[in-house]
Structure formats: C-alpha cells, structure tokens
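This report refers to the structure that appears directly beneath it.
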2 protein chains.
Amino acid sequence: MFLFSENCKRLHVIMEVDAMSKTIYDVAKKAGVSIATVSRVLNKKDNVSDETKKRVLNAIKELDYVPNMVASALMTKKMFTLSLLIPDISNPYFSEIARGVEDAANNYNYNVIVCNTDYDLKKEAIYLNLLRQKSVDGFIVSSATYNDENICNFDHKKYPLVLLGREIEGAEENKKIDIIVSNNVCGGYLATEHLIELGHRKIDLILGPKEIKVNQEREKGYRKALQDYEITVDENRIHSGEFKIKSGYSKALEILQKKDRPTAIFAGSDVIAIGVLKAARVLGFKVPGDLSVVGYDNTILAEIADPPLTTINQQMYRMGYLAAEMLIKRLRGAKRPIQRIVFDTELVVRKSSSRPR
Amino acid sequence: MFLFSENCKRLHVIMEVDAMSKTIYDVAKKAGVSIATVSRVLNKKDNVSDETKKRVLNAIKELDYVPNMVASALMTKKMFTLSLLIPDISNPYFSEIARGVEDAANNYNYNVIVCNTDYDLKKEAIYLNLLRQKSVDGFIVSSATYNDENICNFDHKKYPLVLLGREIEGAEENKKIDIIVSNNVCGGYLATEHLIELGHRKIDLILGPKEIKVNQEREKGYRKALQDYEITVDENRIHSGEFKIKSGYSKALEILQKKDRPTAIFAGSDVIAIGVLKAARVLGFKVPGDLSVVGYDNTILAEIADPPLTTINQQMYRMGYLAAEMLIKRLRGAKRPIQRIVFDTELVVRKSSSRPR
DNA sequence: GTGAAAGCGCTAACAA
DNA sequence: TTGTTAGCGCTTTCAC
C-alpha cells in the first residue's frame with residue numbers, strides 16, 4: 001500500500017502509515033489549521049483561540065504526535081540540555097554532585113549529559129569540543145586543574161559555563177565566569193584545629209594531586225591553623241598523592257613507619273582517609289587510640305568506615321543543584337552579574353579522632 | 001560596521017564577523033567549492049580529490065569551523081547520544097554502572113544523558129517522552145519494575161532499547177528487547193549456601209522492594225539453597241524494605257530483638273547490610289561472632305564497612321559497558337538477533353561472616 | 001569528482 | 001487570530 005502524505009511541499013512514500021513519525025504538517029492538516037498555529041499551540045503562545053487550540057490539541061493526541069526538538073533547536077539554538085564534566089561519576093563525591101545537578105536540571109525541564117574526564121585535560125578538551133557541536137546549552141565543569149587552558153580559552157559568551165568546586169588561576173579570569181566552590185581553606189583549618197585542640201602536635205597531611213587547587217587551599221588552611229596555634233610547620237609532614245584508597249594506604253604505610261611518626265593524620269579526602277585506616281590496621285595501630293584520622297568531603301564512605309570518620313562536610317548535592325540552577329537562569333537570559341559563591345564547610349566529629357595517648 | 005555574508009540564499013547582518021558561528025557555507029566559500037563538497041569532506045566520503053580535500057580542511061581550520069550536529073541530525077536522525085535511566089546516580093551501584101556506560105559510549109563517540117527515575121514509573125515516563133523529542137539514539141533502562149508499562153508499551157523499533165539489570169514479565173516481551181542481567185538466583189543461592197556451610201540454620205533475608213524483580217530472584221536462590229540443604233523455609237524470616245541503610249537498620253533492629261533471632265542475615269544489597277551492621281552494633285551484637293551478615297552487589301561500601309562485608313559480586317561496570325556497546329552496535333545497523341546476556345555472580349568472602357557460636 | 005537544489009521539521013517575521 | 005513563507009545548517013539525490 002502506497003500513500004501520499006499531502007504535506008505542503010513534502011512527498012512521502014509510506015508503507016505503514018503509523019510507522020512514520022508524524023510532523024507538524026500532519027497535525028496541521030488533521031486540525032485544519034496552518035503549521036504556524038500548531039507551533040503556537042505547542043509553544044503555548046497565547047494568541048490562539050480556545051476553539052482552535054482544542055482542535056490542535058486533539059489532533060496531536062490522535063496522531064500521537066511528538067514534536068521534534070532537533071528541528072526546533074535548529075532555529076532556537078536551545079536543546080534544553082546541559083553537560084556536566086566531572087573526573088569520575090563512580091566517585092561518591094562526584095555522584096552526589098551529579099545528583100544535585102540532575103535534580104535541578106530536571107526541575108527546569110533540562111537534561112544533563114555526564115562526562116568523565118579522569119582529570120585529563122585532553123579528554124576534557126575533546127568533550128568540550130564534541131558537546132559544542134551538539135549545541136548543548138551550557139556547561140558545568142568540575143574537572144579543571146588550577147590552570148585549565150580549556151576553560152581559560154573557552155568562549156563563555158557563546159557557551160555559558162559554571163565552574164564547580166574548582167577555580168581558575170587569576171582573579172581577572174575568575175571575574176568572567178560563574179563559580180561555585182566550597183571553602184577549602186576553612187575546611188583545612190577546621191580539620192587541623194580539631195586535631196590540635198585534641199592535643200595533637202605531630203599532624204601529617206596527605207593531600208590529593210598538587211595540581212588540583214582544592215589541595216593547595218586545604219594545605220593553606222592546615223598551615224594557618226598550625227601557625228595560629230604556634231606550632232612549627234614541618235614540611236616533611238606534608239604529602240600528596242592521588243584521591244584513591246591505595247594512595248592513602250601506601251603514603252600512610254610509609255609515614256607510620258618513620259621514627260618520628262605522627263599521632264594524627266589529616267587526609268585530603270575520605271577516600272584517602274579510608275586508605276589511612278587500612279594502613280593503620282595493617283600496622284596494628286588503633287584508631288583513634290594510636291592514631292587520629294580526619295577525612296574530607298563527608299561522603300557516604302565516612303559514615304560507613306571503621307571507625308566512622310571524623311571529616312569535613314562539603315555540601316555536594318547543594319553545590320550541584322545550585323550550579324545547574326545558576327546556569328539555567330543565565331540561559332534564560334536573566335541579566336545577572338557574574339557570581340562567585342562559596343559554600344561553607346563544617347567539621348563532623350565521629351569516632352576516628354580523639355586525644356593522643 | 002555592517003557586512004553582508006554572501007552565503008547563497010542567506011543574508012546576515014553581522015556586527016563582529018568572528019562573533020557569528022561559521023557555517024558550511026563560509027567554509028565552502030573560503031575553499032572555493034560547493035557545500036556538498038564540504039559535507040563530503042566532513043563525513044569522510046572518499047569521492048573527493050586529495051587536492052580539494054586539502055583546501056577544504058584548510059578553510060575549516062582557518063575559520064575555526066565547528067559543524068552543527070543539530071542540523072545534520074535533522075536529516076540523519078542521529079544525535080550520537082544515548083540516555084541512561086537509572087533510579088539514582090548517587091547510589092554507588094548505579095554510579096558504577098553509569099561509569100561503564102559512559103566509557104563505552106565515549107569509546108564510540110557517543111554521549112550519555114543520565115536520568116534519575118527514583119523507581120517512579122511516572123517520572124520514568126516523562127523522561128522517556130522528553131528524550132524521544134530530543135531524538136536520542138537509544139535508551140538503556142535500569143529502573144523498570146517487573147511489569148513496567150513504560151517499557152512494555154515502548155516502540156523498540158523506533159527507539160532501540162537495552163534493559164539493564166531488570167527483566168520484563170513475560171517471555172514473549174523479553175524476546176523483543178536486548179537484556180543484560182546478572183544471575184540473581186545464583187547470587188541468592190551462593191550467599192545462602194555460604195551461610196549454611198558455615199553452620200547457620202536460622203538465616204533471615206532482608207530484601208529490597210518486592211516489585212523489583214531482582215529481589216524475587218534473590219529470594220528464589222535463598223529458598224533453593226535452603227531446600228537443597230534440607231532446611232525448612234520459615235516465611236517469617238523473609239522480609240522486604242527499601243534499598244536504604246535506614247531500611248536495613250530498622251528491619252534488623254526488629255528482627256534481632258525477637259525471641260527466635262537469627263544467627264545470620266542475608267541482606268539484599270550492601271546498603272541494606274550496612275544498616276544491619278549498624279543495628280547489630282547498637283544492640284551490642286558482635287559481627288560476625290553473634291551475627292553473620294552477607295551483603296549483595298560488592299560496591300565500594302562492602303570493602304569499607306566495619307567489618308568488611310562478605311557479599312555477592314555483581315559486575316556493574318562490565319554490565320554497563322556491554323549495555324552501551326550492544327546498543328551502539330544495534331544503532332549502527334548490525335543485523336543481530338535480540339540478545340539476553342546473563343552475567344555471573346560470585347561470592348566474595350570478607351570479615352562479616354563466620355560460623356555461629 | 002563536483003555542484004545545484006530539494007528537503008529534514010521546525011520557528012518567526014510579516015501579511016492578511 | 002491565523003496563514004504564508006523564508007530560513008536554521010546540514011545531507012543527499014541527481015545532473016553534469
């Protein structure tokens with residue numbers, strides 16, 4: 001069976017009528033109106049009479065018509081899709097952020113494309129480029145190292161961007177981009193102060209990669225706290241590795257076997273702290289009796305760890321949610337100044353820290 | 001300054017030349033060829049002479065031209081984007097799957113839109129509908145309950161779909177859709193058998209929601225193991241709740257205070273098992289001395305728990321990876337039969353299980 | 001090997 | 001309030 005679909009200038013040879021996707025022309029024809037009117041109804045413009053609107057809505061329902069957003073995006077440049085670039089979605093810290101981003105996006109009828117950059121600038125650049133081709137409306141980026149050239153060279157006018165949890169070097173650059181961070185200096189300070197106030201003097205610090213700015217900031221907080229309490233900073237007590245259990249484990253193993261071993265370790269993330277706990281267990285040190293441990297992030301891991309980790313809370317979900325919300329509001333054309341929002345961090349005391357023996 | 005861009009039928013009023021996105025017309029003009037030729041080069045068709053190809057490539061580079069995939073998708077219907085529907089990305093089980101999906105997708109130059117359905121069929125339906133409008137190429141769905149009407153009524157011809165970790169009721173329905181699952185009956189059996197062989201006879205089962213088929217299957221494995229070892233199944237020992245720490249906690253609290261309390265609990269997920277551990281701690285039961293606990297999934301939580309959880313390993317990452325790969329291969333038009341792939345589960349023995357006192 | 005021209009399914013200016 | 005029509009930036013016949 002062959003049929004002609006009598007769309008204006010379109011001539012379809014159709015095998016099964018239902019197999020073809022319906023277009024705005026089919027709806028227009030069925031409702032006895034022009035495509036412009038159908039478009040008006042679809043986009044909820046008010047200048048359509050109730051009478052015709054009803055007819056169009058009926059036709060849409062009867063034909064099971066689904067509007068094609070790709071076609072409309074060709075004109076409007078809006079795909080109602082955000083992209084989220086993070087190092088690794090399987091990391092609880094980022095999956096919590098992602099959940100916040102997606103919830104906000106969903107709330108405004110946006111979708112989110114998630115990309116894992118693995119802290120790899122090249123991979124990030126490829127994603128950025130591919131997604132621009134797809135006319136994604138905006139970007140939330142959380143994978144930048146402190147001097148991320150991808151971001152510095154990015155055309156923020158054309159592609160709205162919110163930086164999440166990371167800053168770019170240079171105050172001027174920062175003034176051009178919306179940024180959401182948490183107060184890492186404060187977090188580093190709080191963790192260190194907590195240990196000092198418990199009576200610790202030999203406090204080692206195990207951070208994530210140096211290139212990631214949050215680590216520099218947490219270190220700053222650590223130094224500041226020691227200074228404020230008039231404890232000399234021992235450079236040999238400051239270490240860095242990766243945000244991985246293994247990394248925390250091996251560093252701690254090394255540290256804890258030195259003569260002048262610390263009575264406390266402040267880890268730059270919960271994951272690192274988990275590695276420290278493991279090393280302590282292997283070496284027969286009791287936590288917190290022989291060694292106090294403080295983590296960072298307050299992911300679900302901190303609750304579950306043995307013993308439950310004292311840690312610094314970051315508001316991942318809220319940061320993600322706000323990032324998406326800011327981005328969407330900017331996309332909607334609100335003339336708002338560039339913002340830089342700093343989320344508070346706070347100390348969460350659990351069982352992994354106590355006064356030294 | 002006003003300029004005319006001399007694109008064929010297009011007349012642009014341009015303020016800053018560089019501010020406008022370059023189109024295929026600009027490239028064609030600069031290279032002195034037609035847009036058809038540019039298109040051929042972009043799509044790597046072979047029928048272009050090396051000479052002209054070089055000119056076109058040069059023009060592309062000089063203009064910093066970025067092809068518009070939305071426009072091309074209007075013809076080709078390919079957006080090179082998959083969507084992944086899962087209950088909750090912040091759940092480590094699903095974030096591990098998501099990572100596998102995204103890695104495979106990225107490997108084939110696809111992107112993935114992640115959606116959180118919260119086990120809510122209505123929310124799932126809304127996502128499915130919205131994403132169809134966006135011409136997403138295919139779907140990976142992991143949120144279906146066992147009789148998910150959204151999936152049953154889904155037009156798999158038009159929108160390729162892979163079911164991940166869940167099946168649909170009815171063998172016939174299943175034959176129409178690619179499915180990737182792990183062997184939950186086997187997993188349930190292995191966990192139960194492990195406890196039986198340790199000498200346990202009073203083994204309680206705490207599952208997730210009954211509507212989710214995996215729970216029914218794990219229960220089946222549990223029953224089978226008891227029967228094989230000639231232990232009477234006590235219906236009062238089978239419980240169900242949610243896949244949440246709290247749920248496991250409250251159920252275990254209740255169970256452990258009964259007169260005839262179990263010597264072992266098999267939890268339907270690591271998260272539930274974590275709740276059980278917490279309840280045991282609160283009530284002063286030592287794990288594994290007073291109570292053995294076995295989890296399910298082998299997420300990162302199992303490693304980290306106190307004590308580390310004996311659990312059933314599921315290959316989340318590989319399942320996710322394969323799901324995306326299957327979907328993409330189908331999208332590429334390979335005429336392949338509908339597949340149903342079952343991943344093995346295996347017992348991982350850690351510290352939360354031992355013989356009963 | 002290359003170009004002209006007709007759409008893909010919409011939106012939006014302009015007419016009526 | 002409604003319709004006509006010219007694109008949006010590509011792909012894809014069909015000529016040459």
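Side chains are part of it too, since the values below use all heavy atoms of this structure and drop only hydrogens, waters and symmetry mates. Every chain is numbered from 1 and lettered A, B, ... according to where its sequence line falls, protein lines coming before strand lines. If you're wondering where the values come from, they're calculated on a predicted model, not measured in any experiment.
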Using a heavy-atom cut-off of 4.0 Å across all strands, would you classify Val70(A) as base, sugar-phosphate, or nothing? nothing
Tell me whether the OP1 or OP2 atom of dG1(C) has a side-chain N or O from Thr37(B) closer than 4.0 Å. no
Mind calculating the distance between NZ (Lys77(A)) and P (dC10(C)) to the nearest angstrom? 16 Å
Gap between atoms CD1 and C1', on Ile60(A) and dG9(C) respectively (whole Å): 14 Å
Those residues that, when tested against Asn43(B), pass side-chain hydrogen bond (donor to acceptor under 3.5 Å, both in side chains) (two or more places apart): Ser39(B)
dC8(D) phosphate, OP1 or OP2: any side-chain N/O from Thr23(B) under 4.0 angstrom? no
In whole angstrom, what separates Gln133(B)'s CD from dT11(C)'s C1'? 16 Å
Check the distance between dC14(C)'s P and Asn47(A)'s CG and give it to me in whole angstrom. 16 Å
Distance check, rounded to the nearest 0.5 Å: Gln133(B) atom CD versus Met79(A) atom CE? 10.5 Å
What's the closest nucleotide to the Asn68(B) side chain, out of dC10(D), dT2(C), dG9(C)? dC10(D)
Separation of dC10(C) C1' from Asp26(A) CG (nearest whole Å): 13 Å
Closest to the 5' end of DNA chain C, once Lys53(B) and Val66(A) are matched to their nearest nucleotides, is Lys53(B)
Let me know the distance between NZ of Lys44(A) and P of dT1(D), rounded to the nearest Å. 18 Å
Angle between ring planes, Phe154(A) versus Tyr159(A), binned at 30° and 60°: parallel, tilted or perpendicular? tilted
Separation of dT1(D) P from Lys54(A) NZ (nearest whole Å): 16 Å
Can Asp137(A) and Arg330(A) be counted as an ion pair, charged N to O under 4.0 angstrom? no
Can you build the contact string for nucleotides 11-16 of chain D? Use B for base contact, S for sugar-phosphate-only contact, and - for no protein heavy atom under 4.0 Å. BBB---
Do Lys54(B) and Asp50(B) meet the salt-bridge criterion of a basic N to acidic O distance under 4.0 Å? no
Given atom CE of Met79(A) and atom C1' of dG9(C), what is their separation to the nearest angstrom? 13 Å
Considering residues at least two apart in sequence or located in another chain, which fulfil the side-chain hydrogen bond (donor to acceptor under 3.5 Å, both in side chains) criterion with Thr81(B)? Lys134(A)
Salt bridge or not between Asp64(B) and Lys22(B)? Use side-chain N to carboxylate O under 4.0 Å. no
